[in-house]
K.L.:
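Below is a structure I'd like to ask you about.
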Amino acid sequence: MAADPVGAPVPAVAVAVGGGAAVVAAWAVVRRGRASIWTAMAVATGLAGVLALATGRLRLATGVRPLPAAVAGVVSGVVLYGATAAFMAVAGRWPSLARHAQALYDQRRGLSVPAAVALAALVVAPGEEALWRGLVQPLLAGPLGPVAGAVAAWAAYVAANVVSASVPIVLGAVVGGAAWTALALLTGGILASVLCHAVWTGLMIVLPPVRTRP
């Protein structure tokens, strides 16, 4: 069942390129210590997501009905969190990974847990999915085909996040990005990937898989 596209058309390629550039710029600002990851990424991905929506190209689910897509997204988010927690229980002993993960959680100081969840799960996650899986992936699928386009979109997403120079961010982009890309490919839209991303992000904040300082 196809979901109708939403929004008035705006240049899709310009939004895709500009949105990707905004994410790279935001990571560069965060890396230099000039802004928190929470605020910089919320602004960059939130704006990119709104502009992606305005292209009129976003689909919720065209390969399956919305309800199964939603269920698949929520369940996948929980499973992805469980896999992340299991990975961190072992790999979290790696000093570089532990240090970078702690640095990410340290940047939340001053933000309550509900506020952090609202920013990350309700702004950043949907914004990223709208940009990368909702816009970039279908655009690349046009000339490359669905599978190759998905792989290219995933690679672009990882490359943009490499600018963060953060081990957990890059690992999350590689593994999480692969899961969200696959969900968007299999369901024909972003409903499942948005819910998976939001659930995973919310659980990562509420139940950190690493020991954090109070």
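All values below come from the heavy atoms of this structure, side chains included, with hydrogens, waters and symmetry mates left out. Predicted model only: the values in this text are computed from it and were never measured.
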K.L.:
First locate atom CG of L135, then atom CG of L53, and finally report the distance between them rounded to the nearest 0.5 Å.
P.N.:
10.5 Å
K.L.:
State, yes or no, whether a side-chain contact exists between W132 and Q137 at a heavy-atom distance under 4.5 Å.
P.N.:
no
K.L.:
According to a hydrophobic-cluster definition based on side-chain heavy atoms being under 4.5 Å apart (Ile, Leu, Val, Met, Phe, Trp, Tyr only), do L185 and V71 belong together?
P.N.:
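They do not share one cluster, since no chain of ILVMFWY contacts under 4.5 Å joins L185 to V71.
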K.L.:
Does a side-chain heavy-atom distance below 4.5 Å link L80 with V175?
P.N.:
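Contact flag for L80/V175 side chains = yes.
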K.L.:
Hey, quick one: are L131 and V151 part of the same hydrophobic cluster, counting side-chain heavy atoms closer than 4.5 Å, chains of contacts allowed?
P.N.:
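Hydrophobic grouping puts L131 apart from V151.
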K.L.:
Does the T187 side chain pair with the main chain of A69, one donor and one acceptor, at a distance under 3.5 Å?
P.N.:
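Answer holds: no.
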K.L.:
Start with the C-alpha distance between W27 and I169, add both sets of side-chain angles, then the distance that settles side-chain contact (heavy atoms from CB on, under 4.5 Å), and finish with yes or no.
P.N.:
CA-CA 10 Å; W27 277 129; I169 290 295; 3.6 Å; yes
K.L.:
Say you draw a straight line from OG of S193 to CG of L60; how long is it, rounded to the nearest 0.5 Å?
P.N.:
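Reported value, rounded in 0.5 Å steps: 10.0 Å.
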K.L.:
Measure the shortest side-chain to side-chain distance between V124 and W38 over non-hydrogen atoms and say whether it is less than 4.5 angstrom.
P.N.:
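When only atoms from C-beta onward are counted, W38 and V124 do not touch, as no gap falls below 4.5 Å.
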K.L.:
Do the side chains of V199 and L207 join up, straight or via other hydrophobic residues, at under 4.5 Å, putting them in one cluster?
P.N.:
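As far as the 4.5 Å side-chain criterion goes, L207 and V199 are connected within one cluster.
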K.L.:
Taking the side chain as C-beta and beyond, is there a heavy-atom pair between V23 and M41 under 4.5 Å?
P.N.:
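Contact flag for V23/M41 side chains = yes.
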K.L.:
Between atom CG of L51 and atom OG1 of T55, what is the distance when rounded to the nearest 0.5 Å?
P.N.:
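Rounded to the nearest 0.5 Å, the CG-OG1 separation comes out at 9.0 Å.
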K.L.:
Is there a continuous path of hydrophobic side-chain contacts, each under 4.5 Å between heavy atoms, that joins V167 to V30?
P.N.:
yes
K.L.:
Do E128 and Y157 get their side chains close enough for a donor-acceptor pair, meaning under 3.5 Å?
P.N.:
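Per modelled atom types, E128 and Y157 side chains form a pair under 3.5 Å.
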K.L.:
So, taking the atom named CD1 in I190 and the one named CG in L195, what distance separates them when rounded to the nearest 0.5 Å?
P.N.:
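That separation rounds to 10.0 Å.
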K.L.:
Where the side chain of W154 meets the backbone of V174, is there a donor-acceptor pair that is under 3.5 Å apart?
P.N.:
yes
K.L.:
Can you measure from OG (S166) to CG (N161) and round to the nearest 0.5 angstrom?
P.N.:
9.5 Å
K.L.:
With a 4.5 Å cut-off on side-chain heavy atoms, are S164 and V170 touching?
P.N.:
yes
K.L.:
With a 4.5 Å cut-off on side-chain heavy-atom distances among I, L, V, M, F, W and Y, is there a chain of contacts connecting L111 to V206?
P.N.:
yes
K.L.:
What closest approach, in Å, do A28 and V163 show between heavy atoms, and which atom pair accounts for it?
P.N.:
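That would be N-CG1, 4.1 Å.
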K.L.:
State, with a plain yes or no, whether a side-chain heavy atom of P209 is found less than 4.5 Å away from one of M204.
P.N.:
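Of all side-chain heavy-atom pairs linking M204 with P209, at least one is under 4.5 Å.
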K.L.:
Roughly how far, to the nearest 0.5 Å, is OG1 of T181 from CG of L186?
P.N.:
10.5 Å
K.L.:
State, yes or no, whether a side-chain contact exists between T84 and W200 at a heavy-atom distance under 4.5 Å.
P.N.:
yes
